[in-house]
Amino acid sequence: MDTKGSERMIERNVTLDVGSGPYELDVHDSVMGLPGIDIRRLRAQARVVTFDPGFANTAVAKSSITYIDGSTGELRYRGYGIEEIASHSSFIEVAYLLLYGELPTAAELTAWESDISAQTMLNEEMRSFFDAFPRRAHPMAVLNSATSAISTFYDVYRRPTRKREIDAGARTLIAKLPTIAAWAYKKSIGEPYMYPNPDYSYVENFLHMMYARPGRQDRVDPSIVKALDVLLILHADHEMNCSTATVRAVGSSRANMFASVAAGMGALWGPLHGGANQAVIEMLQAIHDDPDATIESTLRRAKDKNDPFRLMGFGHSVYTNYDPRARILASFAEDVLARMERSDPLLDIAQELETAALNDEYFVERKLYPNVDFYSGIIFRALGFPSRMFTVLFAIGRLPGWIAHWIEMTTDPDTRIMRPRQLYVGEPARDYVLLEKR
Ligand code: SDX
């Protein structure tokens, strides 16, 4: 029963009749969404474990950061609806909100922005770090490695225990990730690295480092800055998604914030997760380039269990309704292309695919809708980013969410080291067979 407010379950505990039971298990309430049955004593008392691959039905923590209602397509950061935030806020303000739980006052926002912009420079010794990578290196590999690497310049944050260190580590990562991303891109195209300009806003500075060249430092088109700002807002957090759960898992062993976030980047890179935005564009481009490919043949492949092909950018572990971010991006894509006086045949293909899938029984039955990745790549492309940078952009957006969850996990008295159990289905006990007897 997905409940809110007064309709939520009223039982304070439930009875589970298993083995030498029955056992009384406590029920934890939530402010919005499902309550949770506390199974922490179940293994010791009833000598059973629960079976839930991917933790798809298991709450691994209590969190106050983000709320998703998958059945209605609702997404809230610290209680504020994503639609309002995307319309009125800025990415740097959303980062503050996710980290500190409240919208900043004007003075707090100004101080936060100047703190961040004062730290966007990388230690000069990091240049040789980028030089060590081959030009063809995927920027996610560089981002992941560099995120862990920069912690070696800041010993004080290696094992942050006090609020000051945690705060400083968060600001360092948020300040420096766009510089790392831009330098990874410049390395891949053989152009000189551009240094951050503290006079620019957070997003404008990133675009400056991405596209400016020595001697040519024209300001970035404000409409491009605004478009990317909205995209980063929409990617900023999404409760216990695969990469955030990874950040929490790694952090639960008391690994430092930088190492935990780097691990989250590895999870994000997968095509079933943040790598989907690049996979969507490759899918649309393949349809565009293949004279024999049609919308129907593409959907047929997606439905064919013998074909590993999936409709990238469709379906979601939580949403059984339209991903509210996809809804915002669907219209945003048309706006951005119109404002840039561009058209993109891939947008036409995406819209035809969406219409066909939403009228196809296979997708309707399984409640498969477009997710955040279905349209984001088209906008990133319109803004001039190469598809290999799309997941990097997702990581820059998701960084405040990862850090907010790392801090919440680190300061939660319920936190234990992440150590799931298993059901063993291997060989029964057997004796070793000496080589000469095999
Ligand atoms: C993100 O978790 C988050 O919050 C993630 C994210 C975030 O902000 O952090 O929202 C970002 O990762 C979005 C998702 C991006 N990935 C993709 O677009 C890849 C394509 N989508 C799928 O691979 C899939 O939908 C997942 C991975 C997203 C969700 O997988 P689930 O929840 O494990 O669902 P499932 O694999 O159990 O699928 C249920 C059924 C299956 O069919 P049956 O076995 O019931 O016959 O739906 C089918 C699946 O085969 N299905 C698809 C499909 N997605 C699910 N069939 C074809 N194409 C698809 N895309």
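Counting starts at 1 for both ligands and their atoms, following the listed order. Throughout, residue positions are numbered sequentially from 1 according to the sequence presented.
- Here the shortest heavy-atom distance to atom 29 (C) of ligand 1, taken over A245, S317, P53, belongs to S317.
- Counting only heavy atoms of the protein, atom 2 (O) of ligand 1 lies nearest to N241 CB, 3.5 Å.
- A salt bridge between D360 and K303 is present, with a side-chain N of the basic residue lying under 4.0 Å from a carboxylate O of the acidic one.
- Nearest to atom 57 (C) of ligand 1 by heavy atom, out of A302, A357, G270, G397, is A302.
- If you check each of L268, L272, D237 against atom 27 (C) of ligand 1, the one with the closest non-hydrogen atom is L272.
- Contact analysis puts D373 in contact with ligand 1, with a non-hydrogen atom separation below 4.0 angstrom.
- Of the protein's heavy atoms, F314 O, 3.4 Å lies nearest to atom 20 (C) of ligand 1.
- With hydrogens left out, the protein atom closest to atom 53 (C) of ligand 1 is L368 CD1, 3.9 Å, a heavy atom.
- Residue contacts with ligand 1, taken as heavy atom pairs separated by less than 4.0 Å, involve K305 solely via side-chain atoms from C-beta onward.
- Around the CD atom of E84, the shell of radius 6.0 Å holds no more than 12 heavy atoms that belong to other residues, nucleotides or ligands.
- Salt-bridge annotation for R339 and E341: absent, with no side-chain N of the basic residue lying under 4.0 Å from a carboxylate O of the acidic one.
- Side-chain rings of F133 and H138 stay apart, their centers remaining 6.0 Å or farther from each other.
- Y319 does not count as a contact of ligand 1, since none of its heavy atoms falls under 4.0 Å from the ligand.
- Both the backbone and the side chain of H273 come within 4.0 Å of ligand 1, counting heavy atoms alone.
- In this structure, D412 does not pair ionically with R248, as no charged nitrogen and carboxylate oxygen lie closer than 4.0 Å.
- Note: an N/O pair closer than 3.5 Å links L311 and ligand 1 by distance alone.
- For F363 and F314, the ring centers sit closer than 6.0 Å to each other.
- Closest heavy-atom approach to atom 28 (C) of ligand 1 within the set S243, P370, G315: this belongs to G315.
- Ligand 1 lies within reach of R398, whose nearest heavy atom is under 4.0 Å from it.
- Neither the backbone nor the side chain of E239 comes within 4.0 Å of ligand 1, counting heavy atoms alone.
- Of the candidates K303, R366, R310, H238, it is R310 that places a heavy atom closest to atom 24 (C) of ligand 1.
- From the protein, the heavy atom lying nearest to atom 19 (C) of ligand 1 is M312 CE, 3.7 Å.
- Enclosure of atom CD in E365 by more than 12 non-hydrogen atoms of other residues, nucleotides or ligands within 6.0 angstrom is indicated.
- Looking at atom 48 (C) of ligand 1, its nearest protein heavy atom turns out to be Y362 OH, 3.5 Å.
- With a 4.0 Å heavy-atom cut-off, ligand 1 is reached by no atom of F374.
- There is no protein heavy atom closer than 4.0 angstrom to atom 39 (C) of ligand 1.
- Of the protein's heavy atoms, H316 NE2, 2.6 Å lies nearest to atom 10 (O) of ligand 1.
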